[in-house]
Amino acid sequence: MLDAKFIRKDPEAVRAGLAKRNTKVNLDLFLSLDEKRREIIRKAEQLKNKRNTVSQEIARRKKEKKDTDAIIAEMQQVSRDIRSMDEEARETEEQLNNILLTLPNLPHESVPVGKDDSDNEEVRRWGTPTQFSFEPKAHWDLGEDLGILDFGTAAKVTGARFTFYKGLGTRLERSLFTFMMDLHSMKHGYTEIFPPFMVNRRSMIGTGQLPKFEEDAFKVEGTDYYLIPTAEVPVTNMHREQILDGAQLPIRYCAYSACFRSEAGAAGRDTRGLIRQHQFNKVELVKFVKPETSYDELESLTNDAEDVLKELGLPYRVVNLCSGDLGFSAAKTYDLEVWLPSYQRYVEISSCSNFEDFQARRADIKFRDGAKGKPQYVHTLNGSGVAVGRTVAAILENYQQEDGSVIIPERLRPYMGGIDRISK
RNA sequence: GGAGAGAUGUCCGAGUGGUUUAUGGAGCUGGUCUUGAAAACCAGUGACGCCGCAAGGUGCCGGGGGUUCGAAUCCCUCUCUCUCCGCCA
């Protein structure tokens with residue numbers, strides 16, 4: 001969330017930043033509540049001071065066997081006043097917090113201003129869109145023809161937007177996330193994490209999914225648990241309510257998890273294939289860094305994610321999301337988009353973001369330099385490294401052959417038990 | 001799921017209504033001593049949040065609520081940890 005002190009000090013800057021994201025907010029209400037809260041606290045604390053000193057006075061007088069009835073009667077009223085003021089302060093604070101929790105992050109100055117994804121800025125390309133001397137098939141057809149993907153059975157057993165992987169399809173899926181975890185942990189120096197796939201509500205608020213996007217999440221009925229939409233949630237919240245030692249930063253984690261998304265509002269979009277599922281696998285990169293390094297760390301995080309696609313030989317491009325397309329918590333985001341022949345365009349396969357102190361403030365994650373340093377908020381970053389299901393789709397489509405078989409990228413063959421091709 | 005025990009400052013560990021507005025130790029910082037270090041001794045140091053320009057004030061003893069003029073201390077409730085029993089991949 002945004003810093004209340006900053007909003008108080010420079011509301012114009014906040015209005016301007018949010019306007020770039022097409023977010024209109026009424027800061028006047030916030031500002032008046034903020035003033036009200038401080039006023040109540042000032043008065044309540046004066047009374048508390050009185051209560052503390054008089055309580056000691058009462059203790060003294062009782063010891064000396066002096067009469068205390070009059071002061072106690074007076075203090076009863078003071079105590080009542082304190083109680084009602086505390087209550088009013090608490091309510092005001094809650095209102096303030098509710099506003100703060102629904103305000104998105106401010107875009108970084110290097111983010112292009114724009115309305116929607118058509119205003120995103122292409123940063124670079126790697127490889128060239130795959131050319132075919134025959135009519136290429138979509139991955140859902142390839143997968144079903146090869147007997148490695150089964151959407152119909154999943155629809156019966158569970159419902160729409162779920163998939164059974166079978167045989168070498170299963171092996172391809174698990175080869176991919178094992179390869180990705182190896183790459184990030186061994187080559188890029190991230191610490192491997194295997195997180196819980198459910199988290200409590202507090203964690204969902206910490207990273208920004210809640211309270212605003214309740215309809216996007218799956219909640220486990222009768223509990224306080226949510227299925228994670230990304231490993232970002234459990235991994236970032238590992239350090240929630242902690243003060244980290246500055247000497248340990250940057251902390252870098254890579255985590256494999258299944259991800260669960262309700263895809264509310266996506267009806268009719270990407271209904272075929274692996275692109276938009278309620279459950280998918282992903283390897284996620286998460287960093288905790290000092291503020292002054294976070295934009296360099298975003299570049300290297302993006303490079304680490306790109307490395308996956310390079311090693312697999314998949315053509316992609318990097319896009320700097322414009323202000324209007326930015327996610328709720330992000331100050332800046334690079335999307336990696338892989339070439340998908342069936343779509344005849346680049347499709348998002350990774351999203352790498354710097355959240356600055358937005359999540360750290362929500363989740364209360366700080367660091368301290370030296371023993372006497374003042375605790376300050378870390379910057380958090382994360383990025384997919386990368387979405388596994390979409391990688392399977394990209395491999396099937398980009399590596400397909402005229403006879404309907406699919407070549408396995410060389411880098412993956414050791415993980416596939418030496419298999420170099422999937423055919424009927 | 002049942003029974004019991006526990007949660008106090010960086011750590012260990014006292015404290016069961018009013019000079020505890022948290023005892024004591026360890027640690028940390030500085031000093032004395034020493035060629036240097038260790039040890040010993042002396043002094044200092046107590047998280048974190050909020051209000052305030054500041055001085056200072058205020059809150060905080062797992063979380064929340066209550067009783068009281070006054071709560072780490074009493075009551076209710078929740079969470080987590082440990083031990084035992086049951087069940088279980």
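Letters A, B, ... are given to chains in the order of the sequence lines, protein chains preceding strands, and every chain is numbered from 1. All values derive from a computational prediction rather than experimental measurement.
For A:Thr293, the side chain to side chain contact (heavy atoms under 4.5 Å, CB included) partners are A:Val289, A:Lys290, A:Glu297, not counting sequence neighbours. The side chain to side chain donor-acceptor pair (under 3.5 Å) test applied to A:Ser294 returns A:Asn354, A:His379, not counting sequence neighbours. For A:Ser79, there are no side chain to side chain donor-acceptor pair (under 3.5 Å) partners two or more places apart in sequence or in a different chain. In terms of the ring pair (Phe, Tyr, Trp, His ring centres under 6.0 Å) criterion, residue partners of A:Phe328 (sequence neighbours excluded) are, by chain and number, A:Phe213, A:Phe358. With sequence neighbours excluded, the residues that form a side chain to side chain contact (heavy atoms under 4.5 Å, CB included) with A:Thr68 are A:Ile58, A:Arg61, A:Lys62, A:Ile72. The side chain to side chain contact (heavy atoms under 4.5 Å, CB included) check on A:Ile243 picks up A:Lys366, A:Arg368, A:Pro375, with sequence neighbours excluded.
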Listing time: all N or O pairs from protein to nucleotides 66-74 of chain B that are below 3.5 Å?
from, atom 1, to, atom 2, distance (Å)
B:U67, OP2, A:Arg83, NH1, 2.4
B:C69, OP1, A:Gln76, NE2, 2.6
B:C69, O3', A:Ser79, OG, 3.4
B:G70, OP1, A:Ser79, OG, 2.4
B:G70, O4', A:Ser55, OG, 3.2

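A:Asn97 places its CG atom 13 Å from the P atom of B:C50, with the value rounded to the nearest Å. Summarising the geometry, the separation between NZ on A:Lys366 and P on B:U10 is reported as 14 Å, rounded to the nearest angstrom. Residue A:Glu39 contributes atom CD, which lies 19 Å from atom P of B:C50 at whole-angstrom precision. Atom-to-atom, CD1 of A:Ile243 to P of B:C11 comes out at 12 Å; the value is rounded to the nearest Å. Going from atom CG of A:Leu244 over to atom P of B:U10 covers 15 Å, rounded to whole Å. Taking atom NZ on A:Lys48 and atom C1' on B:G56, their separation rounds to 16 Å, with Å as the unit. In this structure, the NZ atom of A:Lys5 is 14 Å from the C1' atom of B:C53, given to the nearest Å. Atom CD of A:Glu241 and atom P of B:U79 are 17 Å apart (whole Å).
Across B:G25 and B:A14, the matching C1' atoms stand 11 Å from one another, rounded to whole Å. Comparing the P positions of B:U35 and B:G46 gives an interatomic distance of 35 Å, to the nearest angstrom. B:U73 and B:G15 have their P atoms separated by 15 Å, with the value rounded to a whole Å. Going from the P atom of B:C82 to that of B:U32 covers 48 Å, rounded to whole Å. The C1' atoms of B:C12 and B:U23 are separated by 14 Å, rounded to the nearest whole Å. For the C1' atom pair drawn from B:G4 and B:G9, the interatomic distance equals 29 Å after rounding to whole Å.
Within the structure, every pair that satisfies the salt bridge (Lys or Arg N to Asp or Glu O under 4.0 Å) test and touches residues 165-184 of chain A, not counting sequence neighbours, is listed here: A:Asp150-A:Lys166. Listed by first and then second residue, the salt bridge (Lys or Arg N to Asp or Glu O under 4.0 Å) pairs that reach into residues 99-116 of chain A come to none, sequence neighbours excluded. Judged as a salt bridge (Lys or Arg N to Asp or Glu O under 4.0 Å), not a single pair has a partner in residues 151-160 of chain A (not counting sequence neighbours).
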- request: Whenever both distances are under 3.5 Å in a Watson-Crick or G-U wobble pair, mark it; put RNA chain B into dot-bracket that way, with [ ] for crossing pairs and | when the partner is on another strand.
  value: ((((((((.[[[..)..(.....]]]((((((.......))))))..((((....))))..[[[[[..)....]]]]])))))))....
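Taking only side-chain nitrogens and oxygens, A:Arg202 never comes nearer than 4.0 Å to OP1 or OP2 of B:G63. Contact annotation: A:Asn49 side-chain N/O to B:U58 OP1/OP2 distance is under 4.0 Å. Contact annotation: A:Arg42 side-chain N/O to B:G52 OP1/OP2 distance is under 4.0 Å. Within the 4.0 Å cut-off from OP1 or OP2 of B:G52, at least one side-chain nitrogen or oxygen of A:Arg38 is found.
Outside the 6.0 Å centre-distance limit, the rings of A:Phe218 and A:Phe260 are not counted as a close aromatic pair.
Checked against B:G18, B:G52, B:U58, the side chain of A:Ala59 finds its nearest nucleotide in B:G18.
Counting only distance, with no hydrogens or angles, the side chain of A:Arg261 and the backbone of A:Pro229 share a donor-acceptor pair below 3.5 Å. A:Arg21 places no side-chain N or O within donor-acceptor distance of the main-chain N or O of A:Pro107, the cut-off being under 3.5 Å.
Among the atoms of the strands shown, only primed sugar atoms or phosphate atoms (P, OP1, OP2) are found under 4.0 Å from some heavy atom of A:Arg37. Nucleic acid contact class of A:Lys43 (heavy atoms, under 4.0 Å, all strands): none.
Not a single donor-acceptor pair, N or O on each side, falls under 3.5 Å between the base of B:G18 and the side chain of A:Gln56.
Using bins of under 30°, 30° to 60° and over 60° for the plane-to-plane angle, the ring pair A:His108/A:Tyr295 lands in the parallel bin.
Of all the residues in residues 85-93 of chain A, not one reaches under 4.0 Å from RNA chain B with any non-hydrogen atom.
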